[in-house]
Amino acid sequence: MAGGGEENVTEIVINDEAHDFRSLLSSSEREFLVRNNGDQVKIETLKGKKLALYFSASWCGPCRRFTPTLIEVYNELSSKGNFEVIFVSGDEDEESFKGYFSKMPWLAIPFSDSETRDRLNELFKVSGIPHCVILDEEGKVVSDNGVEIIREYGIEAYPFTQEKIKDLKDQEEAARKNQSLRSILVSPSRDFVMSSDGKKACDDFTPKLDEVYEKLKAKGENFEIVLIPLEEDEESFNQGFKSLHWFALPVKDKSCQKLARYFELATLPTLVIIGPDGKTLQSNVAETIDEHGVLAYPFTPERFTELAEVEKAKQEAQTLESILVSGDQDFFIGKDGVKIPVTDLVGKNILLYFSAHWCPPCRAFLPKLMDAYHKIKAKDDAFEVIFISSDRDQTSFDEFFSGMPWLALPFGDPRKASLSRTFKVRGIPLLVAIGPSGKTVTKEARDIIMLHGADAYPFTDERLKEIEAQIEELAKGWPEKLKLKLHEKHELGLTRRSSYTCDGCAEEGHVWSYYCDECDFDLHPKCALKEDKGANDDSKGEENPPEGWNCDGETCFKV
């Protein structure tokens, strides 16, 4: 989800050249475009209209995700009669083209006219799809960044000019300065929220929040919750929401996505606190409520300062026993269920491994952790890993744990919930490093091991500084910038990247990349430097289908 505060839409490229629609879209054998039912539409009927040239393909996942958004905008604008979309297909066979085009309400260059499609791709320098070029009535390019603009603003961005986008950004900034409860929750088509009694309904948060809400209402506090649904399945939304007593915006209400952008939504759940004056009091208190419950109320800076002091004192007093012993639960289990007392691990370096068999990233990370474990144990026996399972049944736990060489909390152990709260576990796999004193060294041990493996042990700041010096030494003599055929659109800059997939060889990369921020394009230094020396044919390596393209989450790029 794009945030609203920063410049999320990349710079619009304006070209003053006026393109004649007839010469632009026709060929020597054709002066018409086609609809998905086979009807032919003469190009001359486009005179006086704004056009969007939509470069897309059925095999492109990002295209398939964006097309419904463009359809929604197109359908709303079609009543104006002065806007048209032209599909320029990147499909490799006519059957795929027809299947994809059948869902589109606009026009297309016939699939048989590959010459015109290729010419348009070259003319508008299309290096990645989905790509949308907006032309005004005179045939001038007002934006070659239509996909990003429509993703972020939808129909509000019409007519998609640089001036309109600037105006929208100015409006957002003004709205932030003059925020009120009405300005963030009321839209031109709706001035209500919904309750869960069936009159107008919604759902999606945690039992913890519901518990806090009920306690505050029981105390007579003037506090309400308005749920902003981001899902689109109204039936499942209603099913979950009916058990709650909150308010909500309607499912698919346009304000939902607008609010997500306005509050720069980056994670779920997010709970924004609006004060009595309608101003934002806290941007997200979900974590604080999960940790402190009703004690977080009234969510003021003063209360948060008090809670921070409590948390700091708790961390300073932390020992291995304080986080891992609870009553008679003072042991781990090893192979064959043998019990290992917590006291046996006091004074050692410990990794708490939050993971589960059902979690694909956990299974993918496990071999890397096992490799690091064996290498570290060979050098220092005062080291151990504790598996803390989020598995859903004993069988899954037993199967997953059977392949691990370390210890574990027993399945269903209540200490797991306490540890999850203590270390604010929001996702797995998570790896927390505990030092010999019992205090937390880092919660980022997974990323550290992914980057540096066993070399990072014991994961302290001092050790990481030593590794950092080695990394900087490695890049000495490498060029800061490269212009390569693999990515002709922009210059690539030598950039620190924690983890990525190389768009040249499709292999995983770490630490250093030759990177294009605008296109989210990465190259291993070995691939980039090899091509820079003239060996670009060898540096391309494996390519994702179809040949010559590589897709990330937002765009499919030519390589």
Mark yes when over 12 heavy atoms from residues, nucleotides or ligands other than [X] sit less than 6.0 Å from its [atom1]; otherwise mark no.
| X | atom1 | answer |
| --- | --- | --- |
| Glu311 | CD | yes |
| Lys439 | NZ | yes |
| Lys98 | NZ | no |
| Gln470 | CD | yes |
| Lys424 | NZ | yes |
| Arg22 | CZ | no |

Exercise for review: Classify the ring geometry between Tyr74 and Phe83 as parallel (under 30°), tilted (30 to 60°) or perpendicular (over 60°).
Suggested key: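 Ring orientation of Tyr74 relative to Phe83: tilted.
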Would you check if [X] and [Y] make a side-chain contact, meaning some heavy-atom pair closer than 4.5 Å?
| X | Y | result |
| --- | --- | --- |
| Leu135 | Leu53 | yes |
| Pro525 | Tyr514 | yes |
| Val34 | Leu107 | no |
| Trp406 | Lys377 | no |
| Val142 | Pro159 | no |
| Leu492 | Lys483 | no |
| Asp520 | Asp517 | no |
| Val432 | Thr442 | no |

Between [X] (side chain only) and [Y] (backbone N and O only), is there a donor and an acceptor less than 3.5 Å apart?
| X | Y | answer |
| --- | --- | --- |
| Arg30 | Ile109 | no |
| Thr116 | Asp113 | no |
| Asn145 | Glu148 | no |
| Asp503 | Asp522 | yes |
| Ser27 | Glu29 | yes |

If I take atom [atom1] from residue [X] and atom [atom2] from residue [Y], how far apart are they, to the nearest 0.5 angstrom?
| X | Y | atom1 | atom2 | result |
| --- | --- | --- | --- | --- |
| Phe521 | Leu484 | CZ | CG | 8.0 Å |
| Lys443 | Phe354 | NZ | CZ | 9.0 Å |
| Leu120 | Glu115 | CG | CD | 11.0 Å |
| Glu72 | Lys252 | CD | NZ | 9.0 Å |
| Asp91 | Ser56 | CG | OG | 8.0 Å |
| Leu271 | Asn284 | CG | CG | 7.0 Å |

Exercise for review: Could you walk me through whether Ser389 and Asp391 pass the side chain to side chain donor-acceptor pair (under 3.5 Å) test, one step at a time?
Suggested key: CA-CA 5 Å; Ser389 174; Asp391 282 304; 2.9 Å; yes
Exercise for review: Could you check Phe87, Trp59, Phe111, Tyr54 and say which one makes a ring pair (Phe, Tyr, Trp, His ring centres under 6.0 Å) with Tyr100?
Suggested key: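 When Phe87, Trp59, Phe111, Tyr54 are each tested with Tyr100, the ring pair (Phe, Tyr, Trp, His ring centres under 6.0 Å) holds only for Phe87.
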Can [X] and [Y] be counted as an ion pair, charged N to O under 4.0 angstrom?
| X | Y | answer |
| --- | --- | --- |
| Lys465 | Asp461 | no |
| Lys49 | Glu137 | no |
| Arg463 | Glu466 | yes |
| Lys258 | Glu152 | no |

Does the gap between the ring centers of [X] and [Y] come in under 6.0 Å?
| X | Y | value |
| --- | --- | --- |
| His490 | Tyr515 | no |
| Tyr153 | Tyr158 | no |
| Phe383 | Tyr373 | yes |

**Study point:** Under the ring-ring contact (aromatic ring centres under 6.0 Å, His included) test, residues paired with Tyr500 that sit two or more places apart
**Key:**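 Expected list: His524.
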Review point. Thr270 and Phe263: side-chain contact (heavy atoms from CB on, under 4.5 Å), yes or no, with the steps?
Key: CA-CA 9 Å; Thr270 289; Phe263 288 110; 6.0 Å; no
Review point. Is the NZ or CZ atom of Arg497 positioned over Trp512's six-membered ring, under 6.0 angstrom from the centre and within 45° of the axis?
Key: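 The answer is no; the distance or angle limit is not met.
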Exercise for review: Apply the test ring pair (Phe, Tyr, Trp, His ring centres under 6.0 Å) to residues His131 and Phe66: give CA-CA distance (whole Å), side-chain angles for both, the deciding distance (0.1 Å), then the verdict.
Suggested key: CA-CA 10 Å; His131 186 76; Phe66 174 71; over 10 Å; no
Practice item. Output, in order, the C-alpha distance, side-chain angles, deciding distance and verdict of salt bridge (Lys or Arg N to Asp or Glu O under 4.0 Å) for Arg496 and Glu472. Key: CA-CA 10 Å; Arg496 290 290 294 273; Glu472 292 297 327; 3.3 Å; yes
Check your understanding: Does a donor on one side chain sit under 3.5 Å from an acceptor on the other, for Ser102 and Asn36?
Key ->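 Not at all, the side chains of Ser102 and Asn36 share no donor-acceptor pair under 3.5 Å.
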**Study point:** For Leu265, the option from Ile228, Leu230, Leu259 that meets side-chain contact (heavy atoms from CB on, under 4.5 Å)
**Key:**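 The side-chain contact (heavy atoms from CB on, under 4.5 Å) with Leu265 is passed solely by Leu230 among Ile228, Leu230, Leu259.
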Check your understanding: Do Arg117 and Glu122 pass the salt bridge (Lys or Arg N to Asp or Glu O under 4.0 Å) test, and can you show the C-alpha distance, the side-chain angles, and the key distance before you say yes or no?
Key -> CA-CA 9 Å; Arg117 292 187 286 121; Glu122 183 176 352; over 6 Å; no
Identify all side-chain donor-acceptor contacts of residues 445-458 below 3.5 Å with residues at least two apart in sequence or on another chain.
from, atom 1, to, atom 2, distance (Å)
Tyr457, OH, Asn349, ND2, 2.9
Tyr457, OH, Asp380, OD2, 2.8

